[in-house]
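Notes to accompany the following structure.
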Amino acid sequence: MKTTRNILWGLTAFYFVVFIGYTVWTAVIEQDAEWVGIVAFALMGLFSAFIAWYLGLENKPFARNLLPEDREEAEISEADPELGVFAPHSIWPVILAAAIGAVFASICFGWWPVFWFAPVAIVGLLGWMFEFYRGKYAH
């Protein structure tokens with residue numbers, strides 16, 4: 001948390017330096033202010049400052065229990081959370097990905113193939129959701 005907050009404060013300083021340099025470059029040297037870039041750099045600085053300030057505000061619970069990225073003796077594996085339980089040889093993610101890919105590809109060619117591939121995507125999603133309820137990996 002503390003490391004992330006410090007990185008965001010560094011990004012805030014960087015964005016404001018770039019904001020000032022970009023403003024001077026386009027408005028003074030080029031004589032034509034490019035407002036999209038100026039506003040974008042200002043907003044990036046403000047948003048990163050806001051997030052850094054919020055992380056600093058919410059740092060109190062982590063003052064006693066430091067996160068692994070804040071401890072120098074921590075191992076990389078300590079910061080790697082478990083992502084969930086997945087079946088080792090499941091075909092459902094492949095079916096779902098292929099069906100969603102076909103749905104989005106069919107949008108390029110017209111809407112009519114969507115009606116053929118959308119049910120396959122729904123079956124793939126339901127099969128993946130209820131994979132542990134029946135079959136080889138049922139519990």
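What you see below is based on every heavy atom in this structure, not just the backbone, and it leaves out hydrogens, waters and symmetry mates. Residue indices begin at 1 and follow the sequence shown.
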Under the side chain to side chain contact (heavy atoms under 4.5 Å, CB included) test, which residues partner Phe117, sequence neighbours left out?
-> Ala102, Val103, Ser106, Pro113
Hits for side-chain hydrogen bond (donor to acceptor under 3.5 Å, both in side chains) against Thr3, two or more places apart or cross-chain, chain-then-number order -> Asp70
Check whether Phe115 and Leu126 end up in the same hydrophobic cluster, where Ile, Leu, Val, Met, Phe, Trp and Tyr are linked by side-chain heavy atoms less than 4.5 Å apart.
-> no
Considering only distance and modelled atom types, tabulate donor-acceptor pairs under 3.5 Å from the side chains of residues 85-93, sequence neighbours left out.
{"unit_1": "Ser90", "atom_1": "OG", "unit_2": "Trp92", "atom_2": "N", "d": "3.3"}
{"unit_1": "Ser90", "atom_1": "OG", "unit_2": "Glu131", "atom_2": "OE1", "d": "3.4"}
{"unit_1": "Ser90", "atom_1": "OG", "unit_2": "Glu131", "atom_2": "OE2", "d": "2.4"}

If Ile, Leu, Val, Met, Phe, Trp and Tyr residues are connected whenever their side-chain heavy atoms lie under 4.5 Å apart, and connections chain through other members, are Leu46 and Val36 in the same group?
-> no
Whether over 12 other heavy atoms sit under 6.0 Å from Glu75 CD | no
Taking the side chain as C-beta and beyond, is there a heavy-atom pair between Ile107 and Val114 under 4.5 Å?
-> yes
Would Ile100 end up clustered with Phe109 when hydrophobic side chains under 4.5 Å apart are linked, directly or stepwise?
-> no
Ring centroid separation Phe47 to Phe50 under 6.0 Å = no
Phe104: ring pair (Phe, Tyr, Trp, His ring centres under 6.0 Å) partners, not counting sequence neighbours = none
Residues in side chain to side chain contact (heavy atoms under 4.5 Å, CB included) with Ala98, at least two apart?
-> none
Any pair with a residue in residues 46-56 that passes side-chain hydrogen bond (donor to acceptor under 3.5 Å, both in side chains), sequence neighbours left out, goes on the list, sorted by first then second residue, please.
-> Thr12-Ser48
Side chain to side chain contact (heavy atoms under 4.5 Å, CB included) filter on Ala99, not counting sequence neighbours, yields Val120, Ala121
Looking only at non-hydrogen atoms, find the nearest pair between Ala33 and Ile38 and report the distance.
-> CB-CD1, 4.2 Å
Glu73, CD: over 12 other non-hydrogen atoms inside 6.0 angstrom = yes
Sorted by chain and number, sequence neighbours left out, side chain to side chain contact (heavy atoms under 4.5 Å, CB included) with Trp116 holds for Trp112
Between CG on residue Leu55 and CD1 on residue Ile7, distance to nearest 0.5 Å | 10.5 Å
For residues 15-24, tabulate all N or O donor-acceptor pairs below 3.5 Å that involve a side-chain atom, not counting sequence neighbours.
{"unit_1": "Tyr22", "atom_1": "OH", "unit_2": "Glu34", "atom_2": "OE1", "d": "2.7"}
{"unit_1": "Thr23", "atom_1": "OG1", "unit_2": "Phe19", "atom_2": "O", "d": "2.6"}

